[in-house]
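Heads up: numbering here begins at 1 and tracks the sequence.
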Amino acid sequence: MRGFGWGRSLRHVRLQWVLAVSAIAAAVALPVVLISVGGGVSAHELADLQNAGYQIVVSAGGSHGISGAHALAQRIARIGSVTVASPILSVAIDAFNSTSPTAPVSPVLAEGVVPGQFTPTLGPTESGLFPSPLPLGDPTDLVHYDNGTYRGPATYDVLVSTPLAAAKGIRVGQQIVLSPSTNRSLGVAYNVTGSFGVPPSILGPTGAFAVLLPLSDLQVMTGYGPANASSVFDAADTIEVAVAGPVSDNPSALTHVRDEIQSLVPLYGVTSLLQEAQQLESASAVLTGFYLALSSVGLSVGLIFLALVLLRRVETDRRSIAVRRALGLPARTIAAGILTEGAVIAALGALVGTLAGYVVVESLARWATSTVQEAASLAVWEPFTLGAIVAGVVGLSALAGGVATRAALRVEITEALR
């Protein structure tokens, strides 16, 4: 075949080349974007699981479904290899950023925690977002809890998130009013003793406007504390359990601890983060296969177009092919020329598609909506994966080249030379 369509070749041959490269590039760009962004998000979530300060989570169905959270956390903490069990209650409440009757109201996410048990369950990333120790008064939260009577003295201390503090002008040392509803008269004045940062989240909403306060305080405020006033007594949403270092890296030992906790709470869900990490890795592999399957349609179209271009070149070069065959040129040499041209077009298309995918992801990370920007910024560019995509496209080009080669070798020499 006469070169690759450049120089003195006809303009429409060069156009066919450009179109074939563009078709393959468009087909390659899609899996590059999907795999890089999807893999990056999965890797981010997996890293969060692996770097969490706790390894086991106890949860229950319904709203705030764990009852007797203080006592249950103490029972779990007495299990061998368990270092701490941290109950957490999350409830949407309203905050008034001063004690003035005309203070504006702000909906916030309140998290009730046992201060001394919450800090050890923070991972390396999150621990830097919170003051240590948490300035929330009694670190055990047992003084106010008072064996379930909730009659002990409360400190009424609260930490506010930095976005909330910045937006509402809240400063350490002042007071804010926290209420279970927009009715300010139901609220209680709390002392702002510190602030905390908000970690980014991809797969779920971020509580940018949030407050952190003792578990018993939030339970009393929202009616999930005293037994005579609560549908769920001493409620919590989850209990995060941290275990000793050697156990956290030992799947069988971690499973044994999880089973012991499950025996204490047969009606609750008990999950280890190791399980979640394994499930996430499996889901990521399935998604990668789905992305490639989804992209196979575009790749098929691109390769069909490549086959048509090569067939057109064979048709145009029929006389040249016949002359070379009449001169005794081996069939394998003619086939090698066609296959090489197909591989070059495919390689160019794959490289252009990879570059286009990179540009698309970087553009999304800069100019898309905030959620898309956050996801795109986590994109992972793995040379092995990208190289496998390029190599796969070049390898598949042999199918298109094979079709064109078969057509070339079936050219009748006498008929082509008339």
Side-chain angles (χ1 to χ4, degrees), residues 57-74 85-99 103-118 121 134 136-161 164 168 170 175-194 196 198 204-240 268:
V57 179
V58 180
S59 58
S63 298
H64 325 302
I66 295 178
S67 62
H70 283 86
L72 178 58
Q74 291 178 347
S86 172
I88 299 176
L89 173 65
S90 300
V91 185
I93 63 173
D94 290 285
F96 301 82
N97 64 334
S98 76
T99 57
V105 62
S106 301
V108 299
L109 175 66
E111 289 208 340
V113 301
V114 177
Q117 296 166 212
F118 176 73
T121 61
L134 294 178
L136 291 176
D138 175 24
T140 66
D141 194 40
L142 295 179
V143 175
H144 182 214
Y145 175 67
D146 193 17
N147 294 318
T149 65
Y150 293 88
R151 294 175 182 172
T155 58
Y156 295 117
D157 292 335
V158 66
L159 302 181
V160 299
S161 66
L164 176 62
K168 303 300 179 181
I170 300 174
Q175 287 188 324
I176 62 173
V177 174
L178 301 180
S179 172
S181 70
T182 55
N183 186 347
R184 189 184 180 284
S185 63
L186 299 177
V188 176
Y190 276 75
N191 304 305
V192 179
T193 57
F196 60 93
V198 179
T206 298
F209 280 16
V211 296
L212 196 71
L213 63 159
L215 175 61
S216 59
D217 288 10
L218 183 59
Q219 288 174 331
V220 171
M221 180 194 309
T222 57
Y224 287 104
N228 58 356
S230 303
S231 58
V232 180
F233 167 64
D234 188 12
D237 293 296
T238 60
I239 296 180
E240 298 175 350
Y268 295 163

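For the pair Y268/S59, no side-chain contact is recorded, criterion being any heavy-atom separation below 4.5 Å from C-beta on. Side-chain contact check for K168 versus V108: every heavy-atom pair is 4.5 Å or farther apart. Side chains of V188 and L178 form no contact here, defined as non-hydrogen atoms less than 4.5 Å apart. Counting heavy atoms from C-beta on, the side chains of M221 and P180 come closer than 4.5 Å. In this structure, the side chains of L186 and S181 come closer than 4.5 Å at one or more pairs of heavy atoms.
Across all their heavy atoms, A154 and D217 have their closest contact at CB-OD1, 3.8 Å. The two residues S161 and F209 have their closest heavy-atom pair at OG-CA, 3.8 Å. Between D157 and L136, the closest heavy-atom pair is O-CD2, 3.5 Å. Pairing each heavy atom of T182 with each of F96, the nearest pair is O-CZ, 3.6 Å. When every heavy atom of F196 is checked against every heavy atom of L159, the shortest pair comes out as CE2-O, 3.5 Å. Here the closest non-hydrogen pair linking I66 and V58 is CD1-O, 3.4 Å.
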Query raised in the report: Stepwise, does the side chain to side chain donor-acceptor pair (under 3.5 Å) test hold for D138 with H144?
Result: CA-CA 8 Å; D138 175 24; H144 182 214; over 6 Å; no
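How far CD1 of I176 is from OG of S106: 9.0 Å, rounded to the nearest 0.5 Å. In this structure, CD in Q175 is found 5.0 Å from CG in N191, a value given to the nearest 0.5 Å. Atom OG of residue S86 and atom CZ of residue F118 lie 6.5 Å apart, to the nearest 0.5 angstrom.
A side-chain donor-acceptor contact under 3.5 Å links D237 to the backbone of S90.
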Could you give the side-chain donor-acceptor pairs of residues 146-153 under 3.5 Å, partners two or more places apart or in another chain?
| residue | atom | partner | partner atom | Å |
| --- | --- | --- | --- | --- |
| D146 | OD2 | T149 | OG1 | 3.0 |
| T149 | OG1 | D146 | O | 2.8 |
| T149 | OG1 | R151 | N | 3.4 |
| Y150 | OH | Q219 | OE1 | 2.6 |
| Y150 | OH | D234 | OD1 | 3.3 |

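Taking P87 as the reference, A69, A73, V114, Q117, L215, A236, I239 meet the side-chain contact (heavy atoms from CB on, under 4.5 Å) condition, with sequence neighbours excluded. Remark: A110 engages I93, V211, L213, L218 in a side-chain contact (heavy atoms from CB on, under 4.5 Å) (not counting sequence neighbours).
For the residue pair D141 and H70, a side-chain donor N or O sits within less than 3.5 Å of a side-chain acceptor on the partner.
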